Amino acid sequence: MNRRTTPRVRRRRRVLVWSLVAVLLAGAVTGGVAIWQNTYALREERVTVRHDGRLLDGVLARPQLGDGPFGLVVLVHGDGPVDATHDTFYRPLWESFAKAGYASLSLSKPGVGASQGDWQDQSMDDRAQETLAAIAWARTRPDIDGRRVGLWGASQAGWVLPKVAARDRAVQFVIAVSPAVDWQQQGRYNLLAELRRDGATQDETRTALRRRERTLRLLREGATFEQYRAAVTETDGMTAERWRFIAKNYRSNASEDLRAMRGTPTLLVLAGHDVNVDVADTEAAYRRILPPASLTVRHYPDATHSLVDDAVENSQPRLTLTAVFAPRRLYAAGFLAHQRDFVARITDRKGTE
């Protein structure tokens, strides 16, 4: 027997239907916003650069309109296994350079993505040679103006950028984001900053410093990883590959290379919540070594080492939502505009010479 539906049942059905419609519409709008916010005014091209017998995978991101030739910003990564887009983190930056008429070139590190090799086998000099090879490759392209090539790099790139600018005097500018100058000084600062942040006791701090001094002594003695592991009980996740990488680079100091690149226009970017790098030490060294007329310093008091707003980086829900729905806002306020304006000023200055 068929049962008639009552007005109440019909009302409930209508409510359920419209609730479902509302959810679907909200999902569509939300998805549309996410897609829109992650769409950039760029033309990205996958490229391959050959260096030292290996192929390196990368991205050339050109302005959305025009045939060029465009100026070029070559990106130099910080520490770790970084791919060409830095997990899409670079795209807002590429867009800011595109607004100034510049393309961006970024390669995945050796052993990352389709790039051959192993980034942990590299010294800072190896990384500089790799960057010089990327510049040489780019200058063969008709859509790139080889006279307008600059460098952008973050963190560990602070030991690479000055080497490149010192060896290629045609490099037009350098943007150094959160760089250190002396590897060992930076390591000590980072250790103490993290201990303070984590509320370590005085005994814990003294123990950590003794362990650090023991590690440095082993490095100076050329100890193997096995010898290190036998001598230091708390290895903090150290691997044989990482030990090899540190052994190649722990003596790095950018001072001499900074002197050699004197006169290259440089933008130094420093964060107020940087537990990795002693920004006061870095700024003092750059101001001491580089001519005042060539150096611009920008401070971002609310930013972390990665130039992400501190309040965003330290809230996982907020970080995730910002990355999905407003990725340009991951960076500290004004950072992207300041990058664009610095590059544009360099272009304007060169045009009047």
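Just so it is clear, the structure is predicted and the values come from calculations on it, not from any experiment.
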Quiz prompt | Under 3.5 Å donor-acceptor, R43 side chain and Q64 backbone | solution = yes
Q.
Pair N190, E194 - check side-chain hydrogen bond (donor to acceptor under 3.5 Å, both in side chains), show working.
A. CA-CA 6 Å; N190 174 231; E194 289 185 349; 3.3 Å; yes
Point to revise | Main-chain N/O of R210 paired to E213 side chain as donor or acceptor, under 3.5 Å | key: no
Which of L105, D126, L161, V76 passes side-chain contact (heavy atoms from CB on, under 4.5 Å) with T131? It is V76
By ring pair (Phe, Tyr, Trp, His ring centres under 6.0 Å), F245 pairs with (sequence neighbours left out) W119
Paired with Q122, the side-chain contact (heavy atoms from CB on, under 4.5 Å) test is passed by just one of Q129, K248, R127, namely R127
Result for salt bridge (charged side-chain N to carboxylate O under 4.0 Å, His left out) between D118 and one of R242, K109, R54, R244 points to R244
Is there a continuous path of hydrophobic side-chain contacts, each under 4.5 Å between heavy atoms, that joins L151 to F173? no
Quick one: does any side-chain atom of T282 pair with a main-chain N or O of P179 as donor and acceptor, under 3.5 Å?
yes
| request: Please say whether the positively charged group of R340, taken as NZ for Lys or CZ for Arg, lies over the ring of F97, i.e. under 6.0 angstrom from the six-membered ring centre and within 45 degrees of the axis. | output: no
Report task. Give a yes-or-no answer on whether the side chains of Y300 and H273 include a donor-acceptor pair shorter than 3.5 Å. Result -> no
To the nearest 0.5 Å, atom CD1 of I346 lies from atom CG of L267 at 9.0 Å
- Query: Are there more than 12 heavy atoms of other residues, nucleotides or ligands under 6.0 Å from atom CD of E256?
  - Reply: no
With no hydrogens and no angle check, just 3.5 Å: does a side-chain donor-acceptor pair link Y331 and H338? no
So CH2 of W152 and NE2 of H77: to nearest 0.5 Å the spacing works out to 9.5 Å
Checklist line | Donor-acceptor contact below 3.5 Å, side chain Q339 vs main chain L336 | finding: no
CH2 (W94) and CG (L42) are apart, to the nearest 0.5 Å, by 8.0 Å
Joint cluster assignment, I175 & F335, ILVMFWY side-chain distance < 4.5 Å | yes
Would you say the side-chain atoms of S252 pair up with the backbone N or O of W183, donor to acceptor, closer than 3.5 Å?
no
Discussion item. Taking CZ in R139 as the centre, count heavy atoms belonging to other residues, nucleotides or ligands within less than 6.0 Å. Is the count above 12?
Written reply: yes
